[in-house]
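This is the structure I have questions about; it appears just below.
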Amino acid sequence: MNQNDIIKKLPYFPFLSDSEKTILVRSTTYRTYQKDEYIHGFSDACLGMVYVCKGSIRVYMTSEEGREVTLFHIAEGDSCILSASCVIGEISLEVQLTAEEDTELIAVHAGYFQRLMEQNIHVRCFAAELSAKRLSTVVWVMQQILFARFDERMARLLMSVYEKTGEREIRMTQESMAREVNSAREVVARMLKTFVSEGWIELKRGTVVLKDIEALQNLIK
């Protein structure tokens, strides 16, 4: 699929005028990133509006001490509004983006995307709805960190991966799990051992095998 075909997949593309479509094509760049490659951070130039063609991106915040808090993931066919926060004054989150796997994306130049929002009501509505969706997710993550029990957060992670893949064997390192539940690897390791002692999971090298899915589901109800 060439770049023009990808651009046509943007949700607001059908609502653009012919001239807007022409300029959009000129204002869009195609980029590729390898797994774990850094994509964007708050100290970088504005990346613009991102649309993921293939792969996935982790969006996170980093504290002054270097602790990372995972906010959400951008999957194939989805967009990121926070990477264009330089043109949306109401958004002040300082986020970073990293490719979770080999990733292909297109980025609409920030200046042009701002012009589109000013001129086209459909683009403005798209940006507003996506902003609300992302910020709602960020609030939910903060609520989990502040108020949810850690066993619930771990069970929720395991079940979300299971529901996504349909596989009882979850291939994730404890370091990766720690990033997802926003905790330390040592805390994750202790909780996994607790789950093992309860008979809910089995640990293999780099893999968690789900043994009692019902018990894990009960933790998050």
Side-chain angles (χ1 to χ4, degrees), residues 36 38-44 46-47 50 52 56-75 78-86 88-101 127-165 170-201 203 208 210-221:
D36 297 327
Y38 174 82
I39 296 176
H40 170 78
F42 54 83
S43 61
D44 303 321
C46 191
L47 182 60
V50 165
V52 177
S56 63
I57 297 173
R58 183 171 72 98
V59 181
Y60 59 99
M61 300 174 67
T62 304
S63 69
E64 293 182 359
E65 296 77 24
R67 180 187 173 189
E68 296 181 359
V69 175
T70 298
L71 300 177
F72 54 86
H73 303 268
I74 311 169
D78 209 350
S79 301
C80 182
I81 191 76
L82 298 186
S83 57
S85 59
C86 56
I88 303 176
E90 291 78 9
I91 298 179
S92 58
L93 283 177
E94 297 181 339
V95 300
Q96 294 170 281
L97 282 65
T98 296
E100 294 186 289
E101 52 188 291
E129 289 174 3
L130 187 56
S131 298
K133 176 182 176 182
R134 296 306 187 199
L135 293 178
S136 176
T137 301
V138 170
V139 171
W140 182 85
V141 168
M142 296 307 172
Q143 288 177 327
Q144 290 293 301
I145 294 173
L146 292 172
F147 304 120
R149 302 189 317 273
F150 190 66
D151 60 347
E152 177 185 344
R153 288 159 58 190
M154 278 299 304
R156 190 180 299 278
L157 170 63
L158 295 175
M159 293 310 303
S160 67
V161 176
Y162 168 69
E163 290 168 1
K164 179 180 179 180
T165 64
I170 297 175
R171 295 174 177 82
M172 289 182 70
T173 65
Q174 293 181 4
E175 190 67 36
S176 297
M177 291 182 185
R179 286 198 299 266
E180 290 300 312
V181 296
N182 301 308
S183 188
R185 187 192 64 77
E186 294 77 12
V187 178
V188 168
R190 287 198 295 270
M191 185 54 65
L192 290 176
K193 289 180 179 178
T194 298
F195 285 3
V196 169
S197 66
E198 295 288 347
W200 299 341
I201 65 171
L203 293 179
V208 176
L210 305 184
K211 307 293 287 185
D212 192 337
I213 291 176
E214 183 178 357
L216 293 170
Q217 288 175 328
N218 288 335
L219 281 179
I220 58 179
K221 286 183 178 179

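We use all heavy atoms of the structure for the numbers below, so side chains are in, but hydrogens, waters and symmetry mates are not.
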Only distances under 3.5 Å count here; give the side-chain donor-acceptor pairs of residues 189-196 to other protein atoms, sequence neighbours excluded, each with its distance to 0.1 Å.
unit_1 : atom_1 : unit_2 : atom_2 : d
Thr194 : OG1    : Arg190 : O      : 3.1

Fill in the blank from the handout: Nearest heavy-atom contact between Ile220 and Ala155 is CG2-CB, 3.9 Å
Problem - Euclidean distance, Thr173 OG1 relative to Arg179 CZ, rounded to 0.5 Å - result: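 Here the rounded value is 6.0 Å.
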Exercise for the section: Could you tell me whether the side chain of Tyr60 reaches within less than 4.5 Å of the side chain of Thr98, counting heavy atoms only? Expected result: yes
Exercise for the section: Kindly write out the residues that satisfy side chain to side chain donor-acceptor pair (under 3.5 Å) with Glu129, not counting sequence neighbours, or none if the list is empty. Expected result: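 Here no residue qualifies.
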Handout entry: Results of side chain to side chain donor-acceptor pair (under 3.5 Å) for Glu101 - residues two or more places apart only
Key = Ser56
Handout entry: Check: Leu158 and Gln217 side chains under 4.5 Å, non-hydrogen atoms
Key =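 When only atoms from C-beta onward are counted, Leu158 and Gln217 do not touch, as no gap falls below 4.5 Å.
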Problem - Gap between atom CD of Glu100 and atom CD1 of Ile74 - 0.5 Å precision - result: 9.5 Å
Exercise for the section: Take atom CD of Glu186 as the centre, draw a 6.0 Å sphere, and report whether it contains more than 12 heavy atoms from other residues, nucleotides or ligands. Expected result: yes
Practice task
Would you indicate whether the side-chain heavy atoms of His73 and Glu180 approach each other to under 4.5 Å?
Solution key: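 A side-chain contact under 4.5 Å exists here.
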Completion exercise
For Cys80 and Leu97, the nearest pair of non-hydrogen atoms, with its separation, is SG-CD2, 4.3 Å
Practice task
Using modelled atom types only, decide if a donor and an acceptor are shared between the side chain of Ser131 and the backbone of Ala127 within a distance under 3.5 Å.
Solution key: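 Present.
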Exercise for the section: Would you name the heavy atoms of Arg149 and Leu219 that are closest together and state the gap between them? Expected result: NH2-O, 3.6 Å
Handout entry: Lys211/Leu216 under side chain to side chain contact (heavy atoms under 4.5 Å, CB included): CA gap, chis, key distance, verdict
Key = CA-CA 9 Å; Lys211 307 293 287 185; Leu216 293 170; over 6 Å; no
Completion exercise
One should read off an interatomic distance between Ile213 CD1 and Asn218 CG, to the nearest 0.5 angstrom, of 12.0 Å
Practice task
Take Val59 and Arg134 through the side chain to side chain contact (heavy atoms under 4.5 Å, CB included) test and state the conclusion after the steps.
Solution key: CA-CA 10 Å; Val59 181; Arg134 296 306 187 199; over 6 Å; no
Practice task
Compare all side-chain heavy atoms of Gln96 with those of Glu68 and state whether any distance is below 4.5 angstrom.
Solution key: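 Counting from C-beta outward, Gln96 and Glu68 never come under 4.5 Å.
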Problem - Heavy-atom side-chain contact between Asp212 and Glu198 under 4.5 Å - result: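 They are not in contact (no side-chain heavy atoms under 4.5 Å apart), so the answer is no.
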Exercise for the section: Start with the C-alpha distance between Met172 and Val208, add both sets of side-chain angles, then the distance that settles side chain to side chain contact (heavy atoms under 4.5 Å, CB included), and finish with yes or no. Expected result: CA-CA 7 Å; Met172 289 182 70; Val208 176; over 6 Å; no
Fill in the blank from the handout: Value for CE (Met142) from OG1 (Thr137), rounded to nearest 0.5 Å, stands at 11.5 Å
Handout entry: Min side-chain heavy-atom separation Ile57-Asp78 under 4.5 Å
Key =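 In short, these two side chains do not touch, never coming nearer than 4.5 Å.
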Problem - Nearest-0.5 Å distance, CE of residue Met61 to CG of residue Leu71 - result: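 Atom-to-atom, Met61:CE and Leu71:CG are 6.0 Å apart.
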Handout entry: Minimal non-hydrogen separation, Arg153 against Ser183, with atom names
Key =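 Distance-wise, the nearest heavy atoms are NH2-CB, 4.4 Å.
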Problem - Asn182 CG to Ile145 CD1 distance, which is reported to the nearest 0.5 Å - result: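 If we round to the nearest 0.5 Å, Asn182:CG and Ile145:CD1 are 4.0 Å apart.
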Handout entry: Considering all heavy atoms, the nearest Ala184-Ala178 contact
Key = C-CB, 3.9 Å
